[in-house]
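Working notes, beginning with the structure itself.
What you see is a predicted model; the values in this text were computed from it and never measured. Reckoned from all heavy atoms, side chains included, excluding hydrogens, waters and symmetry mates.
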Amino acid sequence: MSKAATANTASHPRGRVYSLAEVSRHNTRKSTLCTYKGRVYDLTEFLPDHPGGDDIIIDYAGKDIGQVMSDETQHVHSRAAYEMLQEFQIGELGGGEKIVSEDWVADENFHPDETDLLSDYNMNKFIDLSKPLLMQVWNAPWTKEYYLSQVHEPRHLKESARMFGSDLLEPFTRTQWYVVPLIWWPIAAFLGVLSVGQFNDPSLTAKQLLQFPPNFSVLPTASLFSLSSWFTCFAFGVLVWTILEYVLHRFLFHLDYYLPDAPWAITLHFLLHGVHHYLPMDRLRLVMPPLLFFVLQTPFTKLAHLLFPKAIANGIISGSFAMYVMYDLGHYALHHTKLPAYLAEMKRYHLAHHYKNFELGFGVTSKMWDYVFGTMLVTNTK
């Protein structure tokens, strides 16, 4: 192998899968990629050695060279030239038909067709949906840019795809919609009762309320002051959740282009939110697994207790938790339920986030913060 080919592997690791858009940006003398018969080549170091001069390569940098390679009026290529070209191969070209489009028409009765698994895998060289997903993502040959271009192109299955090969681990990746209110509404209610009690008696603790057998003498007595104080905090907590919903969706779940191009980062992105954009109609991956929400809420609840007295902090958290449940149930409904007029509009809006432009429209329960921060998504309707 030539020194040129070895140098290429340093700047562009071999064996990766590239998108056409990614290749097209490498069109300068500093980085010269091209494609030929579905393969990707890095000709950067070959520019000064090309017998026909480097200008003709630069003219086709970032493009397919099939036509010019076979055009004898431009430059005759010997069999040895084609063999030499193989030394500069760095990967394959992936990507097929696009689903996400600015022309997508929002329809609350939208029912997508099931993906042809074999055809999709052969065309896109991405994930084989007939096999467990997670290790495919971890061991994948894609570049980060190719991953992002594919994970935001929805696929559709009748049944949930497996995340793990292990039957022991797989249940932790699937959550029925009713699990969320069963776990988090009682917790929100308990924190609300605790808050009411702490407005009357600041020394009251969660441990006192949870002791067994129950000591009914410690149950808080509600007063107009404690109820109104709690309700004010609860309402503020609801507002706080709407902000968190927007911020987490936009800046954590759609971190996207700031991701490191590393397997651990791509896998984490896929687990957090990528899988939802990849399989947006998967009924068992539309609400947040309890363990994931527990991890995400921990720093925020600790911050609330750091900033506010216990009664206020618990009142705010009770409102945020209650609204979180409404968010998750609403999210499920936006994907799978026939809804009344206002919610039908939110359904069109959210589906447009998936099928029209995933870089806009981050609100799920409301468009309010999209209005405020300029990320409104205009939907095309019939």
Side-chain angles (χ1 to χ4, degrees), residues 175-249 287-334 337 339-343 346 363-372:
T175 308
Q176 296 281 1
W177 66 267
Y178 53 78
V179 170
V180 173
L182 283 175
I183 292 177
W184 296 108
W185 265 345
I187 293 174
F190 173 80
L191 292 173
V193 171
L194 181 61
S195 174
V196 170
Q198 288 173 332
F199 275 112
N200 282 330
D201 177 8
S203 67
L204 181 66
T205 66
K207 186 176 181 180
Q208 287 176 289
L209 290 183
L210 289 172
Q211 64 182 323
F212 187 84
N215 180 3
F216 295 104
S217 65
V218 302
L219 288 176
T221 302
S223 65
L224 181 61
F225 166 75
S226 62
L227 285 174
S228 60
S229 297
W230 163 76
F231 185 77
T232 301
C233 295
F234 181 91
F236 181 67
V238 169
L239 178 65
V240 167
W241 170 257
T242 66
I243 299 171
L244 287 176
E245 170 196 319
Y246 179 88
V247 169
L248 290 173
H249 192 184
V287 298
M288 205 176 296
L291 181 60
L292 176 57
F293 182 70
F294 175 79
V295 171
L296 290 177
Q297 63 82 30
T298 298
F300 296 105
T301 53
K302 288 186 178 297
L303 179 62
H305 280 286
L306 185 65
L307 295 176
F308 302 107
K310 290 184 295 183
I312 295 176
N314 286 323
I316 293 171
I317 295 167
S318 70
S320 293
F321 278 15
M323 190 59 189
Y324 155 68
V325 175
M326 295 303 298
Y327 154 82
D328 243 354
L329 295 182
H331 185 218
Y332 183 90
L334 294 181
T337 308
L339 299 167
Y342 166 73
L343 293 176
M346 285 306 301
V364 175
T365 56
S366 164
K367 302 177 186 178
M368 176 173 61
W369 298 112
D370 282 317
Y371 276 119
V372 171

| Beyond-backbone contact of Phe236 with Val240, side-chain heavy atoms, under 4.5 angstrom | yes
| request: Check whether any side-chain N or O of Glu245 sits under 3.5 Å from a backbone N or O of Thr365 as a donor-acceptor pair, and report yes or no. | output: yes
| What's the shortest heavy-atom distance between Pro289 and Thr175, and which atoms? | CA-OG1, 3.3 Å
| Non-hydrogen side-chain atoms of Phe199 and Cys233 separated by less than 4.5 Å | yes
| Would a 4.5 Å heavy-atom cut-off, applied to side chains only, mark Leu194 and Lys310 as touching? | no
| Just wondering, are more than 12 heavy atoms of other shown residues or ligands nearer than 6.0 Å to CZ in Phe190? | yes
| query | Hey, does Phe293 have a side-chain heavy atom less than 4.5 Å from the side chain of Phe321? | reply | yes
| task | Report yes or no: do Tyr324 and Asp328 form a side-chain donor-acceptor pair below 3.5 Å? | result | yes
| message | Taking the side chain as everything from C-beta on, heavy atoms only, tell me whether Met368 gets closer than 4.5 Å to Leu239. | response | yes
| field | Side-chain H-bond candidate by donor/acceptor type, Ser318 with Trp230, under 3.5 Å | value | yes
| message | To check you understand the geometry: which heavy-atom pair defines the closest contact between Ser195 and Ala311, and what is its length? | response | OG-O, 2.7 Å
| query | Any idea which heavy atoms bring Leu292 and Met288 closest together, and the distance? | reply | CD2-CG, 3.6 Å
| query | Would the number of heavy atoms belonging to other residues, nucleotides or ligands and lying under 6.0 Å from CH2 of Trp177 be above 12? | reply | no
| field | Atom of Pro290, atom of Ile183 and distance for their closest heavy-atom approach | value | CG-CD1, 3.5 Å
| task | Could you tell me whether the side chain of Val287 reaches within less than 4.5 Å of the side chain of Val179, counting heavy atoms only? | result | no
| task | Could you tell me which non-hydrogen atom of Met323 sits nearest to which non-hydrogen atom of Thr242, and how far apart they are? | result | CE-CG2, 4.4 Å
| Are any non-hydrogen side-chain atoms of Ile312 and Gln198 less than 4.5 angstrom apart? | no
| Is the closest side-chain heavy-atom distance between Trp241 and Val238 below 4.5 Å? | no
